[in-house]
Amino acid sequence: MIQESIQAVILAAGKATRFHTGRTKLIEPLCGQEMILYSTQLFKALQIPITVVVGYQKELVQQVLTTTYPNDSLSFVVQEEQKGTGHALLCTSHTWHADHIIVINGDMPLIHADIMQQLLATHHARNAAISFVVAHNTQPNTGYGRIVREGTTVQIIEAKEFSGDVAQHSLINAGIYVIKREFLEQHSAHIRTLPHGNEFYITDLVKIASDNHFVIEMLEVPFDRVRGINTLHELHDAELVQRAEIIRYWMARGVRFASPEYTYVDLQVTIGAGTIIGAGVHLLKHTTIGKNCTIKAFSVIENSTLADGVIVHPHSVINNAHIKECVQIGPFAHIKEQVTIEDHAVVGNFVEMKETQFGARSKAKHLSYLGNATIGSDVNIGAGTIVCNHDGTGKQETNIKEGAYIGSNATLIAPLTIEEHAFIAAGSTITNPVPAHALAIGRARQLNKHGYAITLKNKRAYKSLTFNAAQQTTNDTNTPDHS
Ligand code: UD1
Ligand code: MG
């Protein structure tokens, strides 16, 4: 915990013009978490009060933040017109109360708390007016401001104005500053607009500090930690870094990845030791995978909990579900929206489940739809069973109790209750409740007509003969007579 008097200002009002998506980049997810939440979480962890500057699509940014911190006193300041990072900071002047003010761009999600702590330590140790983070980057045409020293002056030249050699000026400004409030109050009004624009750049504060001989500190960190995101390409690059880190983290905790470069694990996911994750698997949002599970290739699991020992066969999609111990799912299963599958159940290929409770050791191994159903333990759902849960206006419930056996290709029309150990004959359409231990047959009775197959065959032969003769006559009539 940091003891000094510090507050943080997060700049999140910008238009994100270079994204070309028509949306604010601040709510764009990176490994499943909105960009803006990376910096808010960092300051929450350090217990530093936060002011977020919002402007462009402010409702969207505010909604993400108020949903994430419903009982929290995050304060917002609106920058009505987006006139640059310096202007965004000036908009917060009425909130300045701490001795030191951290200002951070909202578009740099890879930053870690230890960098923040080091920056603060350096700032305090040197009693600096302004301290900021820098990194080496020799790529030309990036959008970063570059550190340029001439004699004793230090300044940040923005990419648009920079015409020097990037190899000589390889230090870039990361966009994180700690500024003494006293210095800010005296000098923030001097931030200038640049000749060919009306934007106020926060980076001008460094030049002001330098011109007035204040102490300026720079903390150099690896570039990957401070990547700024101005384009979708930069978002992709940053996501690659974050994703690789997440996978390395779980590898170090006993999770085996068959093909790490083709696996997607979101930030909020947890995975138990001994679990194996196949190629192309997506583990998304708030998903928890237990110990010793196997998630085979190309399965997508989102907002779900899998207990220990679960096997998910390839190409299964699981969303908002609770899967208990040692359940087997797939291949090609689709489990969605409030499904609970109890211990040791088996859900096989081409089975779809929605809003369904599926009992322990029950099986639905092939080609079924189970929706709005409560299915007890040890139930067998035969191949092709369909629960007709929608009556044209709304959803109806189906209740299949313990030990019931549903034969193949049964159509169960809800609302319906099938009691314990009842047996539904294959091919039945069931519309009425079935009592415990009863056999229900709901299909047309079969009739066998002995020898009639031969009659049919003869009838077909006769038909074909008369048809051919008729054709011949028509052809003869239509043929021109050249005689
Ligand atoms: C900024 C820095 C640059 C640095 C780079 C690091 C300036 C002038 N330049 O450039 O030196 O190398 O970050 O990534 O600061 N914002 C507002 N209001 C505005 C404009 C921007 O709140 O009027 C917010 C944006 O939403 C964003 C942040 O400020 O979160 C930075 O703005 P951005 O346009 O991304 O600045 P860069 O061009 O990346
Ligand atoms: Mg930026």
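Not measured: the values here are computed from a predicted model. We count ligands from 1, going down the list as the structure has it; atoms in each ligand are counted the same way. Worth knowing before you read on, the calculation uses all heavy atoms, side chains too, and leaves out hydrogens, waters and symmetry mates. Numbering starts at 1 and runs along the sequence shown.
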Decide side chain to side chain donor-acceptor pair (under 3.5 Å) for Gln79 and His87; before the verdict, give the C-alpha distance in whole Å, the side-chain angles of both, and the deciding distance to 0.1 Å.
CA-CA 8 Å; Gln79 184 193 20; His87 179 253; 2.9 Å; yes
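- A salt bridge is absent between Asp343 and Arg361: the closest approach of a Lys/Arg side-chain nitrogen to an acidic carboxylate oxygen does not fall below 4.0 angstrom.
- Taking the charged nitrogens against the carboxylate oxygens, Arg227 and Glu234 have no contact shorter than 4.0 Å, which rules out a salt bridge.
- Contact check on Glu161 versus Arg146 returns no salt bridge, with no Lys/Arg side-chain nitrogen under 4.0 Å from an Asp/Glu carboxylate oxygen.
- There is no side-chain donor-acceptor pair under 3.5 Å between Thr340 and His322.
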Contacts table for ligand 1: protein N or O within a distance under 3.5 Å of ligand N or O, distances only.
from     : atom 1 : to     : atom 2 : distance (Å)
ligand 1 : 9 (N)  : Glu158 : OE1    : 3.0
ligand 1 : 9 (N)  : Glu158 : OE2    : 3.2
ligand 1 : 11 (O) : Gly145 : N      : 3.4
ligand 1 : 11 (O) : Glu158 : OE1    : 3.3
ligand 1 : 11 (O) : Glu158 : OE2    : 2.7
ligand 1 : 11 (O) : Asn173 : ND2    : 2.9
ligand 1 : 12 (O) : Gly145 : N      : 2.8
ligand 1 : 12 (O) : Asn173 : O      : 2.6
ligand 1 : 13 (O) : Asn105 : ND2    : 2.9
ligand 1 : 15 (O) : Thr85  : OG1    : 2.7
ligand 1 : 18 (N) : Gln79  : OE1    : 2.7
ligand 1 : 22 (O) : Ala13  : N      : 2.9
ligand 1 : 23 (O) : Gln79  : OE1    : 3.3
ligand 1 : 23 (O) : Gln79  : NE2    : 3.2
ligand 1 : 23 (O) : Lys83  : N      : 3.4
ligand 1 : 23 (O) : Gly84  : N      : 2.8
ligand 1 : 23 (O) : Gly84  : O      : 3.3
ligand 1 : 26 (O) : Gly14  : N      : 2.9
ligand 1 : 30 (O) : Leu11  : O      : 2.8
ligand 1 : 30 (O) : Gly106 : N      : 3.2
ligand 1 : 34 (O) : Arg18  : NH2    : 3.3
ligand 1 : 35 (O) : Lys25  : NZ     : 3.2
ligand 1 : 35 (O) : Asp107 : OD2    : 2.8
ligand 1 : 35 (O) : Asn230 : OD1    : 2.9
ligand 1 : 38 (O) : Arg18  : NH2    : 2.9
ligand 1 : 39 (O) : Asn230 : OD1    : 3.2
ligand 1 : 39 (O) : Asn230 : ND2    : 3.1

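- Only one option out of Thr203, Asp211, Asp204 pairs with Lys207 in a side-chain hydrogen bond (donor to acceptor under 3.5 Å, both in side chains); it is Asp211.
- Using cut-offs of 30° and 60° for the angle between ring planes, the His282 and Tyr264 rings count as parallel.
- No hydrogens or angles considered: a donor-acceptor pair under 3.5 Å links the side chains of Glu220 and His136.
- Below the 2.8 Å limit, the Mg ion (ligand 2) has as protein N, O or S neighbours Asp107 OD2, Asn230 OD1.
- Using a distance-only test at 3.5 Å, with no hydrogens or angles considered, a donor-acceptor pair links the side chain of Thr287 to the main chain of Asn303.
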